[in-house]
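Let me begin by presenting the structure, written as structure tokens, before commenting on it.
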There are 4 protein chains.
Amino acid sequence: MNEHSLSPPPTGTRAQLVDAAERVLRAKGLARATTKEIAREAGYAEGTLYLHFADKLDLVRAVHEKLLPAFVEVVRHLPERAGTGSVQGNLTELAHGALRLYRDLTPLGSSLFADPELLRRFRALLAERGGGPHRAWEPVVAYLEAEQALGRVAPEADPAAATLLLLGACQQLVFVELMSGPETLPFHDRPDPAAELVATLLAGLSPGPNEMEPRP
Amino acid sequence: MNEHSLSPPPTGTRAQLVDAAERVLRAKGLARATTKEIAREAGYAEGTLYLHFADKLDLVRAVHEKLLPAFVEVVRHLPERAGTGSVQGNLTELAHGALRLYRDLTPLGSSLFADPELLRRFRALLAERGGGPHRAWEPVVAYLEAEQALGRVAPEADPAAATLLLLGACQQLVFVELMSGPETLPFHDRPDPAAELVATLLAGLSPGPNEMEPRP
Amino acid sequence: MNEHSLSPPPTGTRAQLVDAAERVLRAKGLARATTKEIAREAGYAEGTLYLHFADKLDLVRAVHEKLLPAFVEVVRHLPERAGTGSVQGNLTELAHGALRLYRDLTPLGSSLFADPELLRRFRALLAERGGGPHRAWEPVVAYLEAEQALGRVAPEADPAAATLLLLGACQQLVFVELMSGPETLPFHDRPDPAAELVATLLAGLSPGPNEMEPRP
Amino acid sequence: MNEHSLSPPPTGTRAQLVDAAERVLRAKGLARATTKEIAREAGYAEGTLYLHFADKLDLVRAVHEKLLPAFVEVVRHLPERAGTGSVQGNLTELAHGALRLYRDLTPLGSSLFADPELLRRFRALLAERGGGPHRAWEPVVAYLEAEQALGRVAPEADPAAATLLLLGACQQLVFVELMSGPETLPFHDRPDPAAELVATLLAGLSPGPNEMEPRP
DNA sequence: GATGAATGAGACTTCATTCAT
DNA sequence: GATGAATGAAGTCTCATTCAT
């Protein structure tokens, strides 16, 4: 499974079915997405589905498989940006991308928990690919380590912990937004939640020695 | 049937059904939890279920309703602890509680995304209760503000952002752990991820003023 | 079962249940009338129903039993009117009463055909009472025979056939009205269908002797 | 699947299901006809039923739809017979046909009153078809008008009323026969009730002209 | 007599899956 | 490869009926 042949031959049928399944899953939810509707959405007969997938869960798994790369895409070029722009700017941009990503993927991804068998298959897919959501962390960690080497991030900072803090905050913001409604968020009236998260992460909570002194 | 016991005790049929439903939901997942099995698990006939709940989704909603208080319980007494112990200790304890909470609730809570109708009803429940996951943020924010007043947290820090960073990191840690398997975590070999998150949050990423070189 | 004790003792419960059942049957139809709703309508618990009736069909049968007398009531005093007023007036009044009766009873009575077991029990009731819809014919026949004796009805006329013609026309008019809607009736724009039926029945279809040409 | 046979032959699955449903409805009644038994009677799986009908009521409606033409069939060629044979003979033959028709359709048709929703759908069907039981009247009325023109029916007679009298009598005869049992009928010992109805309708009840005084 | 929670058989309906064409 | 009618197991839900209080 190298990078040249990730997608099956140009026989579009399989891909059309996966795309249709994704649309239906987004619209109706896992519990209410039927093979009949997916097939109709794709413009094929219901039986055709079983020429390309072992069963319905296999098709759903294929949808998630298709979405996997999007996860890494957001952070892909981050390490290269070490030393360019400002750390704050780079992380804010990352946070923006993460928010977009989580808004897009949370409904589909969280649905996996509704069906243990589906979750099992998804885990098997991740294992075989050596993938997983944590793969998104690595480039961020690498970026922060590079910035540390450049002196733009404190040498004592823990890049892995910092990554989890930032991405986790983005994910939770979206999770709560989707679950309770956007109007319930403390941040819903702030122009740029991502920027505030980054600012706080950079500054830390501890009162700095300098700051104990009164400012002019 | 006297006037003193109009509302049945919490050990009544309804509560038993909700408890049984929770057990089955945890064991089989929303997609594979059947009314038949829930009734059997509770020791009642299937029809009894419909004496106490409008339909299956109503029962599932009741399970989530029962779990709602647990969310706030974790952070309930946090504000009172401002000024006691150390900020780091208090936040680390919070993080431990949050990790336990998310491990417990993520599978059930995330399942809501599988069924838009269920999610809709759950949102309605939250709206009428004035609740929502964000309610867990408020005591943490209050705690941090109290510590700010005591001078143990930097006055420029944004308590809301800090809360989201810490709780979000905990949630994501659990989410990824449950979705990809614990062995995939960068933190799985560290003795206390919670402590590391708190340490990083307190210190921040920015290099100290002494360490900063003037920019051109 | 003589005429003095047709209705049960003044214990109102049974009668209240029958009345409630009648209301629900009229409102919802036999297929959608539930014991739960009947009991609620009567202001009793569901179990109470089974203290007074063997089962649901027994209750429905009791409703029909209660309605039986109404059938004869319409024609009860007709024989006494022989020789009074005009035959046409008396029959028109009868037809008016029959139309009212059929409008009232057709929905309930016709429902019996939906359940052979219910119909069987209803027939048994009629047999034991020596009753039946045809009992309504007898007073009409008696009236016509009395008028024949008085010379106000042709001596060759068949009173039984005439009765069936008049009452049948009334029943069909209502049946079609209820089944297809009143606006579909050819008679829906006529002021008094009953009068027209009676006029035609009295006059007959045959051309008068003057108009008739001798047949070879 | 060529263009010549887009609509399946009348022996298709749908028609088989409708036929089976009719048989089961006749045998068990609307209240006791189950989808399981209908499917078994038709030789198909229960689920197949829902490929061809929206729900059970839709299937029942289709049964009634199939029976609609029978209603008009009985009277279809009557107008053409004006002037042929005798009026009495033609009407007697009509009455015979009507009796057969009502014996066949009353149990099914009356069942509609058991379920208001079913009745509603049936009315909608009639409305869209421009049909209804009253459509059976029109050819009879046309026939009588033709006979009037030929002088074989009195010019003052009301054809619509006469039609309703005759067909109504036939319907009531059958209705009472089915509801109370044939042995309860006053006519059950007469060789040809239809002939007696027609004779009475033709002659009328009024005493002959000799006995009648001239009207002013 | 009255209650009403509990029952459980069974109804209707859905839907993933198969297979002859 | 594509079809789509047919399948039938399984699901949710209803409701007449019972019985301990």
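Lettering follows sequence order; numbering is per chain, from 1. Values below: every heavy atom of this structure, side chains too, minus hydrogens, waters and symmetry copies.
- Closest approach to the B/Tyr44 side chain among E/dA6, F/dT7, E/dG4 is made by E/dA6 (side chain taken as heavy atoms from C-beta onward).
- Looking at which nucleotide of DNA chain E each of A/Lys36 and C/Leu49 is closest to, the 5′-most match is held by C/Leu49.
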TODO: Evaluate the side chain to side chain contact (heavy atoms under 4.5 Å, CB included) criterion for residues D/Glu22 and D/Leu67: first the C-alpha distance (whole Å), next the side-chain angles of each, then the deciding distance (0.1 Å), finally the verdict.
DONE: CA-CA 10 Å; D/Glu22 182 185 348; D/Leu67 298 177; 3.8 Å; yes

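- Both A/Arg32 and C/Gly43 lie close to DNA chain E; mapped to their nearest nucleotides by heavy-atom distance, the more 5′-ward contact belongs to C/Gly43.
- The pair A/Arg14-A/Asp19 does not meet the salt-bridge criterion, since no charged nitrogen lies less than 4.0 angstrom from a carboxylate oxygen.
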TODO: Can you run through DNA chain F from 5' to 3' and write each base as (, ), [, ], | or . depending on how it pairs? Watson-Crick or G-U wobble, both distances under 3.5 Å.
DONE: .||||||||||||||||||||

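- The interatomic distance linking C/Glu37 (CD) with F/dA16 (C1') rounds to 15 Å, in whole Å.
- By the 4.0 Å N-to-carboxylate-O rule, C/Arg121 lies close enough to C/Asp55 to be salt-bridged with it.
- Of the possible donor and acceptor atoms, one in the side chain of D/Arg123 sits under 3.5 Å from a partner among the backbone N and O of C/Met179.
- What separates CZ of A/Arg14 from C1' of F/dA2 is a distance of 17 Å, to the nearest Å.
- Taking all atoms of both residues into account, the shortest heavy-atom contact from B/Pro116 to A/Gly29 is CD-CA, 3.9 Å.
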Atom pairs under 3.5 Å, N or O on each side, protein against nucleotides 18-21 of chain E: can you list them with distances?
none

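- Residues passing the salt bridge (charged side-chain N to carboxylate O under 4.0 Å, His left out) test with A/Arg40: none are found, sequence neighbours excluded.
- Regarding contacts with the backbone of F/dC15, every side-chain N or O of C/Thr35 stays at 4.0 angstrom or more from both OP1 and OP2.
- The interatomic distance linking B/Phe53 (CZ) with E/dA6 (P) rounds to 11 Å, in whole Å.
- Annotation for A/Val63 and A/Ala21: closest pair CG2-CB, 3.6 Å, computed over non-hydrogen atoms.
- Within the 4.0 angstrom heavy-atom criterion, only backbone atoms of the sugar-phosphate kind lie near D/Ala33; the bases stay farther away.
- Protein atom CG of A/Leu57 is 10 Å distant from nucleotide atom P of E/dA16, rounded to whole Å.
- Looking at C/Lys28, its side chain never comes within 3.5 Å of a backbone N or O of C/Glu37 through a donor-acceptor pair.
- For F/dA5, the OP1/OP2 oxygens have no side-chain nitrogen or oxygen of D/His52 closer than 4.0 Å.
- Going from atom CG of C/Leu51 over to atom P of F/dA16 covers 17 Å, rounded to whole Å.
- Atom NZ of D/Lys66 is surrounded by more than 12 heavy atoms from other residues, nucleotides or ligands within 6.0 Å.
- Between the CG atom of B/Asp55 and the P atom of E/dC12 there is a distance of 21 Å, rounded to whole Å.
- For E/dT14, neither phosphate oxygen OP1 nor OP2 lies less than 4.0 angstrom from any side-chain nitrogen or oxygen of A/Thr34.
- Between the NZ atom of A/Lys28 and the P atom of E/dC15 there is a distance of 10 Å, rounded to whole Å.
- As a whole-Å value, the separation of C/Arg40 CZ from F/dC15 C1' is 13 Å.
- Considering only the side chain of D/Lys56, E/dC12 comes nearest among F/dT17, F/dT3, E/dC12.
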